[in-house]
Amino acid sequence: MTTSSSSSHLKIDFVSDVSCPWCAVGLSSLEAAIQRVAPGVTVELHFQPFELNPQMPPEGQDTFEHLNQKYGSSREQQAEAREMIRQRGAAVGFEFSPEGRPRVYNTFNAHRLLHWADLESPAQQAALKKLLLKAYFTDRQNPSDTEVLVRAATEAGLDAARAREILNSDEYADQTRERERMYTEAGIHSVPAIIINDQHLISGGQPVEVFERALRQIAGAAPATLSVA
């Protein structure tokens, strides 16, 4: 028999990339759902690494060029998609720049910093994640730039000198790659992927109501697999 105390605490691994617009929407939506189910359901949230473009060079690539090569989309199609996702973000309180992101960048250093942040404090990791999403999608900044990363870490309450030390080394590179491999080998090939209690998978930037229903169901459910496509 499952006790109410154990069933009301959930561990959530939010697998995502800071260059993924749907991850920004999904996180804002999930956080709104977490607020709705509190205080009856408490959540321990951790952010796990996934790189959409692991081979991206340091200078990045023009966004139109990148999406055109990847999906064959025209400027008009990209503008329509950008406006649609801007509206989805606005509905859950995330602001996308109307002009969109100018370039697509490598995000490995951002993931190394997030790995360290989680060791320091899950709350600070969450703050850093949201600051990096804002830097890229709202402020159109480069999430691979050391100064952008250090500034975000400082705003999240983390030690600036330690953040810079990590970024100027290979520290946490092996651990980050191992985490990436683990989720890829587990079948995660698109993000966001939200894994609850290591058993239940919700895929995509779902509406608040979908996350809320899932959290309430899982908090009181016997072990089972819940998949929301």
Item to check | Working for side-chain contact (heavy atoms from CB on, under 4.5 Å), residues Gln69 and Gln61 | outcome: CA-CA 11 Å; Gln69 289 178 359; Gln61 184 181 22; 3.0 Å; yes
Who pairs with [X] by side chain to side chain donor-acceptor pair (under 3.5 Å), at least two apart in sequence or on another chain?
X: Arg36; value: Glu212
X: Glu147; value: Arg164
X: Lys11; value: Asp13, Asp198
X: Glu80; value: none

Any donor-acceptor pair under 3.5 Å linking the side chain of [X] with the backbone of [Y]?
X: His9; Y: Val41; result: no
X: Gln35; Y: Ala32; result: no
X: Ser74; Y: Gln77; result: yes
X: Thr138; Y: Glu95; result: yes
X: Asn53; Y: Met56; result: no
X: Arg88; Y: Gly205; result: yes
X: Thr107; Y: Val18; result: no
X: Asn68; Y: Ser73; result: yes

Any chance you could measure [X], atom [atom1], to [Y], atom [atom2], to the nearest 0.5 Å?
X: Gln55; Y: Glu51; atom1: CD; atom2: CD; result: 8.5 Å
X: Ser19; Y: Phe137; atom1: OG; atom2: CZ; result: 6.0 Å
X: Leu52; Y: Asp17; atom1: CG; atom2: CG; result: 4.5 Å
X: Arg103; Y: Ser144; atom1: CZ; atom2: OG; result: 10.0 Å
X: Ile194; Y: Ser203; atom1: CD1; atom2: OG; result: 7.0 Å
X: Ile218; Y: Ile196; atom1: CD1; atom2: CD1; result: 3.5 Å

Contacts of type salt bridge (Lys or Arg N to Asp or Glu O under 4.0 Å), residue [X], not counting sequence neighbours:
X: Glu83; answer: Arg86
X: Arg181; answer: Glu178
X: Glu155; answer: none
X: Glu165; answer: Arg162

Can you give me the closest heavy-atom contact between [X] and [Y], atom names plus distance?
X: Asn109; Y: Arg112; answer: OD1-NH2, 2.9 Å
X: Val15; Y: Pro49; answer: CG1-O, 4.0 Å
X: Ser190; Y: Phe50; answer: N-CZ, 4.1 Å
X: Gly40; Y: Ser8; answer: O-CB, 3.0 Å
X: Pro21; Y: Ile85; answer: CB-CD1, 3.4 Å
X: Pro143; Y: Leu149; answer: O-CD2, 3.3 Å

Does any part of the side chain of [Y], heavy atoms only, come nearer than 4.5 Å to the side chain of [X], both counted from C-beta?
X: Asp145; Y: Tyr105; answer: no
X: Val191; Y: Trp22; answer: no
X: Gln217; Y: His200; answer: no
X: Phe108; Y: Thr176; answer: yes
X: Phe64; Y: Gln78; answer: yes
X: Ile188; Y: Leu201; answer: yes

Next on the checklist: Check the orientation of His115 and Tyr172. Use parallel for under 30°, tilted for 30 to 60°, and perpendicular for over 60°.
Outcome noted: tilted
Next on the checklist: Taking Val148 as the starting point, is it possible to reach Leu113 by hopping between hydrophobic residues whose side chains are less than 4.5 Å apart?
Outcome noted: no
Next on the checklist: One pair to check against side-chain contact (heavy atoms from CB on, under 4.5 Å): Ile12 and Leu215. What are the steps and the verdict?
Outcome noted: CA-CA 10 Å; Ile12 300 181; Leu215 293 177; 3.9 Å; yes
Item to check | Sequence-distant partners of Phe211, ring-ring contact (aromatic ring centres under 6.0 Å, His included), two or more places apart | outcome: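 ring-ring contact (aromatic ring centres under 6.0 Å, His included) check on Phe211 returns nothing, list empty.
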Next on the checklist: I'd like to check the ring-ring contact (aromatic ring centres under 6.0 Å, His included) partners of Tyr136; sequence neighbours left out, ordered by chain and number.
Outcome noted: none
Checklist entry - For Leu67, which fellow cluster members are found when Ile, Leu, Val, Met, Phe, Trp and Tyr are connected by side-chain heavy-atom distances below 4.5 angstrom, either directly or through intermediates? => result Tyr71
Side-chain donor-acceptor pairs under 3.5 Å in residues 124-135, sequence neighbours left out?
unit_1: Gln124; atom_1: NE2; unit_2: Gly157; atom_2: O; d: 2.8
unit_1: Gln125; atom_1: OE1; unit_2: Phe47; atom_2: N; d: 3.1
unit_1: Gln125; atom_1: NE2; unit_2: Phe47; atom_2: O; d: 3.0
unit_1: Gln125; atom_1: NE2; unit_2: Leu114; atom_2: O; d: 3.2
unit_1: Lys129; atom_1: NZ; unit_2: Ser16; atom_2: OG; d: 2.7
unit_1: Lys130; atom_1: NZ; unit_2: Glu31; atom_2: OE2; d: 3.2
unit_1: Lys134; atom_1: NZ; unit_2: Asp139; atom_2: OD1; d: 3.4
unit_1: Lys134; atom_1: NZ; unit_2: Asp139; atom_2: OD2; d: 2.9

Next on the checklist: Evaluate Thr42 against Leu10 for side-chain contact (heavy atoms from CB on, under 4.5 Å), listing each step before the verdict.
Outcome noted: CA-CA 6 Å; Thr42 59; Leu10 303 176; over 6 Å; no
Checklist entry - Would one find more than 12 heavy atoms of other residues, nucleotides or ligands at under 6.0 Å from atom CG of Asp170? => result no
Next on the checklist: Checking Glu180 against Gln48: is there a side-chain donor and acceptor pair closer than 3.5 Å?
Outcome noted: no
Checklist entry - Cation-pi between Arg82 and Phe96: NZ/CZ under 6.0 Å from ring centre and within 45° of the ring axis? => result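 Arg82 over Phe96 ring: no.
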Next on the checklist: For Phe94 and Val25: C-alpha separation, side-chain torsions, deciding distance, then whether side-chain contact (heavy atoms from CB on, under 4.5 Å) applies.
Outcome noted: CA-CA 7 Å; Phe94 187 88; Val25 172; 5.9 Å; no
